[in-house]
Each structure stands twice: as structure tokens, then as C-alpha cells.
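Convention: sequence-line order gives letters A, B, ...; per-chain numbering from 1. Just so you know, these numbers come straight off a predicted model, no measurement behind them.
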Number of protein chains: 2
Amino acid sequence: MTPASLPQRGPVMSDVAARAGVSHQTVSRVLNGHPHVSATTRTRVLAAIAELGYRRNLSARVLATGRSNVIGVVAQNTTLYGPSSMVQAIGEAALGADLSLTVGHVAGYDATAASRRIVERLVQQGAAGLVFIAPVDAAAEAMRLVPDGVPIVTVDGVPEWECANVAVDQYVGGMLATRHLLEAGHRTVWHVAGPEPWHGSRAREEGWRAALAEVGAVAPPMTRAGWSAASGYQCGRMLARIPDCTAIFAANDHVALGIMRAMAEQGRRIPEDVSLVGFDDVPEAGYFHPGLTTVRQEFAEVGREAVRLLLDQLATGQSSTENALVEPVLIPRATVGPVVATGPAVALKENAS
Amino acid sequence: MTPASLPQRGPVMSDVAARAGVSHQTVSRVLNGHPHVSATTRTRVLAAIAELGYRRNLSARVLATGRSNVIGVVAQNTTLYGPSSMVQAIGEAALGADLSLTVGHVAGYDATAASRRIVERLVQQGAAGLVFIAPVDAAAEAMRLVPDGVPIVTVDGVPEWECANVAVDQYVGGMLATRHLLEAGHRTVWHVAGPEPWHGSRAREEGWRAALAEVGAVAPPMTRAGWSAASGYQCGRMLARIPDCTAIFAANDHVALGIMRAMAEQGRRIPEDVSLVGFDDVPEAGYFHPGLTTVRQEFAEVGREAVRLLLDQLATGQSSTENALVEPVLIPRATVGPVVATGPAVALKENAS
DNA sequence: GGCGAAATTGTGAACGCAAACATCCACGGG
DNA sequence: CCCGTGGATGTTTGCGTTCACAATTTCGCC
């Protein structure tokens with residue numbers, strides 16, 4: 001290790017103090033906005049800071065105070081649209097609240113071990129608070145490693161954790177989608193659910209069942225996909241062979257895309273033969289063929305709420321168990337239509353291979 | 001601020017030392033794997049650490065050493081498929097190299113100011129090295145804030161920065177796509193490019209031009225889209241009205257999706273009337289209608305290379321200017337076909353609104 | 001059997017900052 | 001005119017770790 005490889009340390013507080021002709025403590029006071037600093041001194045210190053290009057050392061600050069204005073975000077599956085949008089939204093909200101953000105990305109394959117490491121590091125770095133993006137139970141396991149006094153907010157968590165939480169109301173989302181299909185005249189609605197461990201999958205399923213129950217419709221057997229188009233396609237190939245199946249509520253937009261593909265291959269037209277509703281409203285959903293009717297999640301809103309909940313706890317020093325729900329919105333496009341041929345089988349293999 | 005809101009500090013090194021009956025320095029040596037510690041002492045210290053649940057304070061460590069095993073990643077536009085895949089890939093590669101990762105997400109709207117803040121914070125936190133995901137020039141501006149001695153690797157940067165860089169060879173990607181279309185029999189290939197500031201857009205465009213030049217084809221006028229399906233759709237509506245336009249190379253898969261939509265609305269069939277190649281190979285590309293032929297970028301490979309380059313610099317203490325290129329791969333699917341009707345206009349408005 | 005080298009352990013200081021405490025000063029009321 | 005009050009500033013200490021150096025022990029070997 002050559003000496004040249006060490007980063008030369010910049011000016012420190014005492015350098016600034018010397019230049020401004022004051023003590024380092026006065027510099028600290030200026031920096032932290034403490035009262036009892038005269039205007040002339042303040043400007044002198046500020047000038048010295050600017051001239052020297054001084055920047056505070058965060059580690060020293062955290063070491064001395066035990067706290068920081070950094071909040072940590074623990075996230076997984078950040079290549080999926082939902083989680084990555086969440087991180088983005090939290091980041092923007094944090095910026096607006098003058099908080100810095102550190103994101104720990106949990107790689108997919110060993111979630112619990114990786115989460116532990118990430119949480120430990122965030123805590124060690126003195127994170128003032130933590131946001132867990134925890135759409136599955138496994139993500140919450142690492143929450144126990146967080147010492148008391150460090151506020152936590154979960155996103156897409158469940159109320160049972162007794163922890164401040166913010167989520168899109170997936171239950172309502174499931175109802176919106178299902179009702180929309182029922183209102184188009186379908187006798188019942190099939191559901192391709194997301195992976196079981198996801199809280200959102202379960203809530204959407206419950207919403208779907210509730211909406212069916214409202215009108216006394218009988219719930220058809222449910223299939224389960226991953227979040228991917230590929231798994232949607234697999235489910236779609238089965239559903240395409242069921243003549244009764246004229247309305248489908250898909251776990252998310254990508255699953256819906258896979259279903260659309262499977263339907264097309266079987267010659268079942270959307271929306272003439274089969275109606276379809278997705279979930280998420282990914283940016284390209286409107287450009288699917290045809291444009292996908294879906295349920296939009298307002299991730300930006302969720303991010304803002306998460307930061308707000310965290311700031312509340314930071315301000316009061318009390319841990320909260322508030323459960324904020326963001327309303328989803330149905331975005332009607334072109335994949336839902338009235339029932340054209342009720343009951344009778346559709347023409348299979350019209351233009352498929 | 002109630003006292004209860006302060007996180008109770010855990011055991012520190014001297015607590016461990018007391019329990020193990022050694023000095024705090026010996027504990028430090030055990031923790032850092034220094035030689036000259038007897039086996040019995042080591043086990044005793046380790047036992048004390050386990051019993052107390054001791055964890056090192058990262059801030060103190062960084063303060064004392066001026067370095068850490070944390071590497072920082074500066075990323076923007078992390079809701080796009082490319083950047084988010086990159087972050088994920090770097091994260092997994094870093095995990096394998098026993099590096100911790102801190103990701104600074106630059107929110108979209110004020111890239112330069114936000115980048116500055118993020119870089120400052122990462123440097124202050126004592127990041128051992130930085131990875132800049134810098135597909136546009138603006139992202140590089142903050143690189144100057146990094147003190148000498150902190151190694152930097154750029155991803156999707158340009159050689160002019162004289163900085164270790166790793167990128168997918170977009171030039172080759174552009175050639176692959178264009179050649180594939182030419183080999184299908186098209187006289188020339190149209191290109192819907194990505195936003196000008198992106199390095200990748202420019203390189204793909206050059207590859208496209210080069211491939212056309214190889215066979216003496218004349219390059220048609222080029223249009224430019226964003227990265228979104230919406231902007232692809234806009235461009236597609238224009239191209240759909242040009243009878244000569246039978247082969248298109250799109251900036252990325254989402255743009256291609258927009259073009260597909262526009263073509264469908266104009267009654268131009270893919271691939272019978274128009275052939276199309278995308279870029280990225282997003283997971284759902286194969287489920288577009290029809291399945292999209294595209295050029296795949298191996299992001300995982302890029303992530304591994306980036307971490308390797310960083311570790312090299314960390315080990316040697318020398319800053320490198322190595323420029324690693326990852327080869328893209330053409331994924332043939334169903335949107336490219338031979339020219340059916342050359343020249344003559346196609347039937348417009350066959351089934352569009 | 002004693003001497004040098006190596007192994008092992010301990011001591012003090014430093015890292016850069018903020019909090020607690022101490023000091024100095026000006027001003028005003030009794 | 002003196003003392004009290006409070007604003008402005010300086011001094012000291014400690015946060016938890018590592019580093020440089022010192023001290024002690026162990027061991028090999030002539």
C-alpha cells in the first residue's frame with residue numbers, strides 16, 4: 001500500500017477556525033445553526049469555509065453525536081418495477097426533507113443473510129431511521145436487529161408487525177379490478193395471483209374474492225404466477241383453453257402481458273373473447289397490444305408518506321404504528337370489453353401456430 | 001428530544017477486552033486478522049465478542065483509518081431497466097468480493113446538484129472506491145469532487161474520461177441489429193435512436209451507420225425517441241406512413257414496443273410488412289406481440305467487471321484506465337422476417353381505428 | 001546459559017467533531 | 001456604582017477505533 005494511495009485529507013474544522021480567527025467550536029456552532037453567534041462572526045466563518053472548500057467529516061460527526069440525518073432503505077428485488085419505483089420515490093421525498101439516503105440493496109438469492117448485513121451496516125453508520133421495503137415476510141426478519149430508538153417504517157408490510165407502515169391498498173385494488181370486469185358484464189372473474197409470500201398477492205386475492213362475493217359470483221379456481229411475463233404465459237396457456245374464462249384479473253402488468261400472448265396464440269381475442277385487467281400500470285402498459293386496462297399504484301405518494309412517517313417519529317421520539325394506505329386507481333384502456341359470446345366455446349386455433 | 005429516543009449504545013471494544021482479559025488493542029488485532037495473536041487469546045476474544053454481541057462501530061473505524069470496505073455507487077434513472085439492472089449486478093458482484101455497497105440514487109430532476117451531494121456524502125463516509133453509472137456526460141461532472149486516491153470506475157462512460165470504464169459494446173450491438181435486418185433481405189434499415197446525451201445512443205447509432213456502410217446501403221433519416229414506449233409510439237406513427245420503411249432498429253425494447261403499437265394501428269404487420277429489432281432484452285420482450293427480436297446486454301457481466309476493475313485499483317493503489325467491453329448478443333425472435341413486398345406501398349388502415 | 005530475534009501484548013495518541021462546561025464581556029436596574 | 005443576567009466565545013472532554021511505538025515474553029541456538 002503506497003502512501004500515494006491514501007486520499008489526502010481535506011481541511012478540518014480547526015483549519016477553518018484558524019483562518020476565521022475563532023475557535024473550532026464556533027465553527028461548529030455556525031455549521032449547526034446554533035444561536036448565540038454574532039452575525040459578523042458567522043459571515044467570517046462562512047467565508048473561511050468557502051475559501052478552504054471545507055466539508056464536514058460525516059464519520060466524526062456520527063461518532064460524536066451517535067446520530068445522523070441519513071436514513072437507510074433496505075430493498076430487495078430492485079429490478080422489479082414496483083420496488084425500484086419505491087426506492088426512487090423515497091429518494092425524492094427524502095431529498096425534499098433534507099435527509100440523505102443510503103440504500104442497501106439485498107441481492108435476491110440469500111435474502112435473510114444479506115438483509116442482516118445491510119441492516120447492521122446501516123445501523124453502524126448511524127442511520128437516523130430505516131425504511132424497510134418489505135413486501136414479503138422474510139424482509140422483516142432483519143428488523144429485529146435494529147436497536148430501540150431507531151425508528152422504522154415499513155413499506156408494503158403488514159399491520160401485525162405493529163410498526164409504522166405505508167402501502168398501496170392492494171385489497172381495494174383487487175376489488176377495483178374485479179368490479180370493473182363484473183360491471184362489463186362478465187359472470188365471474190378469474191384471477192392469476194402473484195407469489196404467495198407477497199403480502200400484496202394475498203391482499204389482491206382477498207379483494208378479488210370480496211368483489212365476487214358482493215355480487216354473489218362464484219370464485220373460479222385460482223392459479224398462481226410469479227411476477228414475470230413468462231409465468232403469466234404459462235398460466236395463460238391453461239386459461240386460454242377454458243371457454244368459460246372470459247375475464248381475468250392478473251397479478252401485475254407483466255403477468256397480464258404473458259396472458260395476452262397466450263390468448264393470442266390460442267386465437268382468443270382481447271377484449272372480444274377475453275377481458276383482462278393488470279396491476280401496477282408500468283409505463284409501457286398502454287402500449288401493449290391492445291393497451292392494458294390496469295390498476296395504478298401511486299408509488300410517489302407511498303414514498304412521500306413513508307418519509308413523513310419517519311420524520312414524525314424522528315420529531316416526537318415516539319415510535320408509531322400508523323398504517324397509511326394509498327388508494328390505487330383504475331386506469332381503463334382497451335383490454336376490457338362486454339361479453340360477446342357468453343358460454344359457448346370460442347374458436348380455438350384461429351391464427352395460432 | 002427525550003433520552004429514550006437515543007439508541008442505547010452497545011458494547012464497545014474495551015468491554016470485550018475487559019471480558020476477555022486483554023487490552024482493547026488485542027481485540028482490534030483479532031478483528032482485523034493481524035498476525036501475532038496467539039490462538040488461545042484469539043478464541044477467548046472471539047468468545048467474548050459472541051457473548052456480548054459486540055459489533056464494531058463503522059464510523060469510528062472510518063474516522064481512525066480514513067478508509068473502509070464500502071464502495072459507493074452513484075446511479076440515476078434507476079427506474080429504467082438498464083440502470084436498475086446495473087445496480088443489482090454490481091451489488092451481487094460486490095457481495096461476492098466481501099465489499100459493502102452504498103448506493104446513492106440521483107433523483108431525476110436536478111442531476112448535477114444531487115450528484116454532488118451524493119458524491120460528497122459517499123466520500124465523507126469514507127468510501128473506498130466509487131462506481132459511477134454514467135450513461136450521460138452530466139453524470140461525470142461530479143467525478144471531479146472525488147479526491148485523488150479514491151479509485152473510480154465508470155459504467156457506460158466514455159474513454160475520453162481516462163478512467164477505468166466498463167460498458168456493453170453498444171457499437172457492436174448496433175451493428176448486430178442492423179446486420180441482422182440486412183441479412184433478412186432489407187435494402188436498408190431505419191433507426192429510432194435514443195436521447196442524444198446518452199453515450200449508448202451515439203454508439204448504437206454509429207454501429208448502425210457502420211453496418212449500413214459495410215453493404216453500401218444508404219442511411220435513411222434518423223429519428224430520436226426517449227427511452228419510453230410513449231416516445232417510440234410517436235416515432236412509430238411517422239415511420240408507419242413511410243412505405244419504404246420495412247426494417248427498423250429501435251433504441252431499446254420499450255421504444256420498440258411503442259413502434260409495434262403504432263404499426264399495428266396503421267395496419268402494418270410485423271414481421272410481414274415491417275421488421276423490428278430492439279435493444280436490452282427486457283424480461284418481457286419475448287412476450288410482446290409478436291416476440292421481439294432484440295440485442296441482449298449482459299448486465300451481470302458488466303457488474304462483475306466493474307467490481308473487478310475497482311478491486312484491481314484498490315489492490316495496486318494505481319488508478320487504471322482500462323476500458324472493458326462486454327459483448328452484446330443478438331436474440332432472434334419473431335419480429336424480423338424477409339422482405340415480402342419490396343417497394344410498393346402497403347395496405348394502410350387495414351384494421352386500425 | 002545467555003543473547004538476539006521474533007512473537008505477543010500493552011500504552012498512548014490521534015482521527016474530526018459536538019456537547020458540557022467555563023469564561024469573558026456588555027448592559028441595565030436597584 | 002455594583003451585581004446580576006444573558007449573549008458571545010473559548011476550553012476540555014469523550015465518541016470508538018486504529019496506528020505507532022514500547023514493553024514483555026518466548027524461543028532458538030551457539
Side-chain angles (χ1 to χ4, degrees), chain A residues 1 3 6-18 20-45 48-49 52 54-70 120-121 123-126 128 147, chain B residues 1 3 6-45 48-49 52-70 120-121 123-126 128 147:
Chain A
M1 197 65 66
L6 291 170
Q8 77 272 29
R9 308 212 176 189
V12 300
M13 204 173 260
S14 54
D15 298 331
V16 175
V22 297
S23 77
H24 68 113
Q25 176 58 8
T26 300
V27 177
S28 173
R29 272 192 273 258
V30 169
L31 249 23
N32 293 330
H34 283 197
H36 309 323
V37 177
S38 71
T40 61
T41 310
R42 185 191 313 281
T43 54
R44 206 136 41 87
V45 168
I49 288 175
L52 262 43
Y54 166 75
R55 294 191 312 238
R56 251 191 305 208
N57 181 313
L58 224 178
S59 297
R61 188 172 151 80
V62 170
L63 181 60
T65 59
R67 330 204 101 250
S68 70
N69 69 336
V70 176
E120 283 195 8
R121 191 160 51 72
V123 169
Q124 284 176 5
Q125 286 180 349
Chain B
M1 197 64 68
L6 291 170
Q8 77 273 32
R9 309 212 174 188
V12 300
M13 204 173 259
S14 53
D15 298 330
V16 175
R19 174 144 195 147
V22 298
S23 77
H24 65 116
Q25 175 57 10
T26 300
V27 177
S28 173
R29 273 192 272 257
V30 170
L31 249 23
N32 293 331
H34 282 196
H36 309 322
V37 177
S38 73
T40 61
T41 309
R42 185 191 316 280
T43 55
R44 207 137 39 88
V45 169
I49 288 175
L52 262 42
Y54 165 75
R55 294 191 312 238
R56 247 189 309 206
N57 180 313
L58 226 177
S59 297
R61 188 172 152 80
V62 170
L63 180 60
T65 60
R67 340 200 94 248
S68 70
N69 69 336
V70 175
E120 282 194 8
R121 193 160 52 71
V123 169
Q124 283 177 5
Q125 284 180 349

Enquirer: For DNA chain C, whose closest nucleotide is more 5', that of A:V27 or that of B:A60?
Expert: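 Final value for this comparison: B:A60.
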Enquirer: Once you round it to whole Å, what is the distance between C1' of D:dT17 and CZ of B:R55?
Expert: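 The answer, rounded to whole Å, is 16 Å.
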Enquirer: Indicate, with a heavy-atom threshold strictly under 4.0 Å, whether A:R29 touches base, sugar-phosphate, or nothing.
Expert: base
Enquirer: Compare side-chain N and O positions of B:N57 against OP1 and OP2 of D:dC15 and report whether any pair is under 4.0 Å apart.
Expert: no
Enquirer: Check every atom of D:dC19, C:dA18, D:dG16 against the side chain of A:N32 and return the nucleotide holding the closest atom.
Expert: C:dA18
Enquirer: Less than 4.5 Å apart, side chain to side chain, heavy atoms only: is that true for A:N57 and A:V12?
Expert: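 In short, these two side chains do not touch, never coming nearer than 4.5 Å.
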Enquirer: Nearest 0.5 angstrom please: A:H24 NE2 to A:D15 CG, how far?
Expert: 12.0 Å
Enquirer: Need one value for B:S23: base, sugar-phosphate or nothing, where a base atom within 4.0 Å counts as base even if backbone is also close, heavy atoms only.
Expert: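 Base, at least one base heavy atom under 4.0 Å.
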Enquirer: Starting at CD1 of A:I49, measure out to CE of A:M13 and round the result to the nearest 0.5 Å.
Expert: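 Here the interatomic distance stands at 7.5 Å.
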Enquirer: For C:dT9, take OP1 and OP2 only and decide whether either is under 4.0 Å from a side-chain N or O of B:T41.
Expert: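 Affirmative; the distance criterion is met.
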Enquirer: Can you measure A:H34 atom NE2 to D:dG10 atom P for me and round it to whole angstrom units?
Expert: 16 Å
Enquirer: Taking only the side-chain nitrogens and oxygens of B:R61, find out if one of them lies under 4.0 Å from OP1 or OP2 of C:dC15.
Expert: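 It does not, given that no N or O in the side chain of B:R61 lies less than 4.0 Å from OP1 or OP2 of C:dC15.
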Enquirer: Compare the minimum distances between each of D:dG16, C:dA19, D:dT18 and the side chain of B:L63, then state the nucleotide with the smallest one.
Expert: D:dG16
Enquirer: Using atom CD of B:Q25 as one end and atom C1' of D:dA22 as the other, report the distance to the nearest whole Å.
Expert: 12 Å
Enquirer: Once you round it to whole Å, what is the distance between C1' of D:dC15 and CE of B:M13?
Expert: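 Atom-to-atom, B:M13 to D:dC15, this comes out as 14 Å.
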Enquirer: Check every atom of C:dA18, D:dA8, C:dC15 against the side chain of A:H36 and return the nucleotide holding the closest atom.
Expert: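 Nearest nucleotide to the side chain: D:dA8.
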Enquirer: Is any side-chain heavy atom of B:R56 closer than 4.5 Å to one of B:N32?
Expert: yes
Enquirer: Is the shortest side-chain heavy-atom distance between A:V30 and A:R44 below 4.5 Å?
Expert: no
Enquirer: Would you tell me if any nitrogen or oxygen in the side chain of B:S38 comes within less than 4.0 Å of OP1 or OP2 on C:dT8?
Expert: no
Enquirer: Round to a whole Å and report the spacing from NE2 of B:H24 to C1' of D:dC15.
Expert: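 Spelled out: NE2 on B:H24 to C1' on D:dC15 is 14 Å.
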Enquirer: Taking OP1 and OP2 of C:dT9, is either one under 4.0 Å from a side-chain nitrogen or oxygen of B:T26?
Expert: no
